[in-house]
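This structure is a prediction, so every number in the text was calculated from the model and none was measured. Values reported hereafter were calculated over all heavy atoms of this structure, with side chains retained and with hydrogens, waters and symmetry mates removed. Residues take their numbers from the sequence shown, with the count starting at 1.
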Amino acid sequence: MSCNTFFCMIGVCFFILSLHLLSVVAGLSVGDTDEKIDRSESCTSDESKDGECDWSYESGDGSVSEEGSTCTLYLAESSIPGAGLGIFSAIDRKEGDIVGNGDVIIPVIDFVYHMSADYKFNPSFHFDPTTNYVWDGREFGLQYETALVNNGVAAFAPGLDCAINCHLGLLNVDKTPPVYDTGNLHRSKDPGAGGFTPYRNSSTVVTAFIPAGGELFKSYGNDYFLTRKSLELVPVWEDYPQAEEFVGLFNKLWDDELSHLSFGAVSDLWNLVYEFPLRSRLFNALPKNMEEFEEVILKGIRAILQPHFTRDLSYLKQHGRCVDNIISQPSNLKQAGRGAFATRHLSRDEIVTGAPLIWFPNGDYFKMYEGNWSSQVDPPDIKNQAGSQIFLNYCWTHAESTLFLCPYGSGVQYINHNQSLANIRVQWTEDGEMGHMAKRLVEHPEKMFPKANPGLSLEFIATRDIAPGEELFFDYGDAWEKAWNAHVTLWVPDKNHSQYQSAREWNEEFPNAVLRTVQEQVKEPYPDHFMFRCLKEIGAYDVTVEEALELWSEVRTVGLPCSIQERHMTGGEHQYIVHFLPDPDYESNLDELGLGADEGGQLWWMETDWIVREAIKVADVPYTTDMQMKKAFRHPMGIPDEIFPAAWRGYRAVGL
């Protein structure tokens with residue numbers, strides 16, 4: 001359509017209304033027996049709260065479950081057709097409630113750079129299983145793990161986040177940043193240091209009322225829908241308020257100009273509008289009939305959407321998998337960090353949780369190669385592997401195949417290995433349940449191309465009765481046990497690690513420390529893994545104390561690399577002059593600051609005016625955290641031999 005869709009629709013509406021009015025003038029029957037619904041009141045005084053209507057929804061079965069022995073959260077087939085699995089609440093939840101028990105966030109660092117080694121530095125490799133399962137790492141505070149702070153790290157959130165779908169008209173949850181927790185392990189004495197992601201307890205918080213049975217939805221952003229051909233008619237965020245506005249306009253015309261028409265006549269007119277042949281995203285956000293039209297007038301557009309995306313609790317209990325049976329706490333195993341613990345009594349052979357799987361043809365996806373990681377100007381050296389992504393430790397493989405399977409069930413990633421105390425086993429989900437396709441188990445693995453999620457799902461089963469608060473263990477297999485024992489036996493800490501303290505810990509211990517200048521650091525240097533990052537409004541004004549504290553509190557804030565040139569005392573507070581330093585993420589930082597290349601050309605030798613201490617932050621140099629130590633333990637879990645399909649044995653994928 002050549003004009004803005006919204007205004008075109010208004011024009012169409014006026015055109016149709018005009019035709020209808022002409023038909024009335026011509027004496028055509030419009031009917032006068034239908035009763036018009038009274039739209040003068042949207043709710044009674046008994047239904048209002050603080051002068052506003054209460055439009056909360058009743059539970060699907062009229063009851064509200066109480067948390068405790070009853071599951072309150074399910075993984076089940078999404079209410080969005082073709083969207084796979086989704087997360088559903090079994091109880092009413094209000095804004096501000098926390099959903100679930102917190103999940104790990106797994107950084108995927110410089111993935112494109114390392115994978116480009118097999119493609120002659122061409123990042124457009126043909127199969128990337130992580131595409132639809134990772135988020136911008138800055139949303140979770142992962143940016144300091146890489147030199148390319150604005151786009152070098154992705155976040156794999158294998159708990160609720162991987163299964164929560166997006167409906168831009170019914171958004172009801174958001175994610176909180178994870179807690180950074182190394183499990184009190186220290187690289188100078190603990191061989192387990194760096195063997196698990198330190199980013200844990202990323203919680204899901206309710207942003208709008210969710211009725212019992214309602215599916216959870218978070219925003220993927222408009223671009224997710226605008227860039228996919230198959231989703232070209234799916235409404236985006238702004239279409240829903242525009243649809244409400246259009247309904248309001250139609251309703252006003254009804255009141256002002258068409259009040260003499262019967263409800264049936266106006267209903268016919270609305271049907272003509274809705275059935276207009278030129279479809280668009282906005283048209284698809286409109287109410288389908290006058291019953292829904294009235295609901296939008298009374299309660300807003302969410303009211304007509306919610307019933308379509310709410311499942312009966314009986315369905316969830318029968319076909320879903322409970323995903324709040326597990327909570328994370330410090331493990332009873334010294335080197336394991338966090339562990340998985342039962343939130344309620346679990347009976348023998350009970351399904352503790354379910355986990356869909358994404359797959360990788362081989363382990364090349366997890367490799368990190370030698371190279372200039374900081375600049376990434378030249379391709380990595382494919383002949384020299386420097387290490388592996390921490391992602392590897394959360395995936396499963398088998399000795400008779402190169403295939404890797406990575407689960408994304410909530411809490412699954414916290415289940416530790418213990419052969420003697422194992423109380424959990426795994427089995428394949430029944431065919432048709434949880435999106436599992438049993439035919440995959442008898443087909444050649446290449447049949448799963450090109451889908452990252454090929455329709456495979458595992459169930460975690462209690463091997464005996466498990467008491468509330470008891471830790472859950474799974475047998476990772478003999479190969480993992482042997483690799484861990486060898487790691488512990490051969491592990492020797494680096495000599496310079498005894499005094500190691502991360503920048504995060506230093507900032508917490510010394511939040512107001514006087515910072516040393518470049519000249520002072522000659523005699524009293526900071527640790528090699530420390531760097532400074534500074535806030536600065538280029539070309540405008542220096543940030544105030546309040547602005548600096550607010551900016552650093554935002555998880556996406558990065559700051560610019562800087563060095564401290566001078567320091568003086570004014571008004572009882574220290575202030576500093578800093579230089580900005582060359583940054584490998586130069587172009588991205590210019591975009592963040594709203595600068596063009598010509599303006600940014602002077603940035604890296606620029607000297608600030610006096611800035612407040614709160615505008616300067618100590619950060620870890622990229623690639624120096626525990627998780628990125630070359631000695632950190634890396635080994636995948638083993639898929640139990642008794643469930644590994646014969647059709648997959650002998651599969652060897654070469655390259656990517």
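- For E520 (side chain) and T517 (main-chain N/O), a donor-acceptor pair under 3.5 Å exists by modelled atom type.
- Side-chain atoms of T146 and D110 include a donor-acceptor pair closer than 3.5 Å.
- Remark: aromatic rings of Y74 and F88 are distant, center separation not under 6.0 Å.
- Applying the side-chain contact (heavy atoms from CB on, under 4.5 Å) criterion to A157, with sequence neighbours excluded, gives I105, W135, D161.
- Here the closest heavy-atom approach between residue L168 and residue P235 is recorded as CD1-O, 4.3 Å.
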From CA spacing to verdict: salt bridge (charged side-chain N to carboxylate O under 4.0 Å, His left out), K630, E370: CA-CA 11 Å; K630 291 188 176 181; E370 295 286 359; 3.3 Å; yes
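- Side-chain contact between Q335 and P191 is present, with at least one heavy-atom pair separated by less than 4.5 Å.
- Side-chain contact check for E471 and Q329: no donor-acceptor pair (N or O, by modelled atom type) lies under 3.5 Å.
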Evaluation steps, side chain to side chain donor-acceptor pair (under 3.5 Å), between T353 and N325: CA-CA 7 Å; T353 191; N325 282 326; over 6 Å; no
Stepwise side chain to side chain contact (heavy atoms under 4.5 Å, CB included) check, E550 with E547: CA-CA 5 Å; E550 182 178 354; E547 290 168 338; 5.6 Å; no
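- A donor-acceptor pair under 3.5 Å is formed between the side chain of R228 and the backbone N or O of Y224.
- A centroid separation of less than 6.0 Å is found between the aromatic rings of Y133 and Y408.
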Steps toward side chain to side chain donor-acceptor pair (under 3.5 Å) verdict (T207, D174): CA-CA 7 Å; T207 59; D174 203 352; over 6 Å; no
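- Closest approach of L185 to D190, counting heavy atoms only: CA-OD2, 3.2 Å.
- Side-chain atoms of Q389 come within 3.5 Å of backbone atoms of I109 as a donor-acceptor pair (strictly under, hydrogens ignored).
- Note: H529 and Y500 meet the aromatic proximity criterion, with ring centroids under 6.0 Å apart.
- A cation-pi arrangement is present between R516 and Y526, with the terminal nitrogen or guanidinium carbon under 6.0 Å from the aromatic centre and inside a 45° cone about the axis.
- Distance check: T557 OG1 to Q143 CD gives 8.0 Å after rounding to the nearest 0.5 Å.
- In terms of the disulfide bond (SG atoms under 2.5 Å apart) criterion, residue partners of C395 (sequence neighbours excluded) are, by chain and number, C406.
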ring-ring contact (aromatic ring centres under 6.0 Å, His included) between H167 and Y220, worked out: CA-CA 9 Å; H167 189 301; Y220 292 1; over 10 Å; no
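- Taking the six-membered ring for Trp and the full ring otherwise, Y199 and Y180 have centroids separated by under 6.0 Å.
- In summary, the side chains of Q376 and S374 do not present any donor paired with an acceptor at a separation below 3.5 Å, with no hydrogens or angles considered.
- When atom types are taken as modelled, the side chain of Y240 and the backbone of R302 share no donor-acceptor pair closer than 3.5 angstrom.
- Of the options N172, I164, I87, a side-chain contact (heavy atoms from CB on, under 4.5 Å) to K218 is made by I164 and by none of the others.
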Side chain to side chain donor-acceptor pair (under 3.5 Å) between Q413 and D103, intermediate numbers included: CA-CA 8 Å; Q413 289 72 27; D103 292 303; over 6 Å; no
Steps toward side chain to side chain donor-acceptor pair (under 3.5 Å) verdict (T310, E215): CA-CA 6 Å; T310 302; E215 184 168 0; over 6 Å; no
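- Side-chain atoms of S78 and L85, non-hydrogen and from C-beta on, never get closer than 4.5 Å to each other.
- Among all heavy-atom pairs drawn from W373 and A386, the shortest one is CZ2-CB, 3.9 Å.
- The closest donor-acceptor contact from the side chain of N372 to the backbone of S375 lies under 3.5 Å.
- Heavy-atom minimum distance, D324 versus T343: O-OG1, 2.8 Å.
- Under the 6.0 Å cut-off for aromatic ring centres, F309 and F217 qualify, their centroids lying closer than that.
- Ring pair H579/F532: centre-to-centre distance not below 6.0 Å.
- F140 does not carry R138 over the face of its six-membered ring by the limits of under 6.0 Å from the centre and within 45° of the normal.
- Taking each heavy atom of T197 and V104 in turn, the nearest pair found is CG2-CB, 3.9 Å.
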Salt bridge (charged side-chain N to carboxylate O under 4.0 Å, His left out) evaluation trace for R281 with D239: CA-CA 7 Å; R281 296 181 191 272; D239 291 323; 5.3 Å; no
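- Using a distance-only test at 3.5 Å, with no hydrogens or angles considered, no donor-acceptor pair links the side chain of W610 to the main chain of E566.
- The shortest heavy-atom contact between L282 and A243 is CD1-N, 3.7 Å.
- At distances below 3.5 Å, at least one donor-acceptor pair connects side-chain atoms of R613 with backbone N or O atoms of A513.
- At a threshold of 4.5 Å between non-hydrogen side-chain atoms, the residues Q575 and R567 do not count as touching.
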Candidate pair R556 and D136, rule side chain to side chain contact (heavy atoms under 4.5 Å, CB included), full reasoning: CA-CA 10 Å; R556 288 178 61 96; D136 184 340; 3.5 Å; yes
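- Side chains of E614 and N512: a donor-acceptor N/O pair is absent below 3.5 angstrom, by distance only.
- Side-chain atoms of D181 do not come within 3.5 Å of backbone N or O of P198 as any donor-acceptor pair.
- Looking at heavy atoms from C-beta onward, R338 lies out of side-chain contact with S331 at the 4.5 angstrom threshold.
- The backbone N or O of L216 lies less than 3.5 Å from no partner atom in the side chain of N165, so there is not a single donor-acceptor pair.
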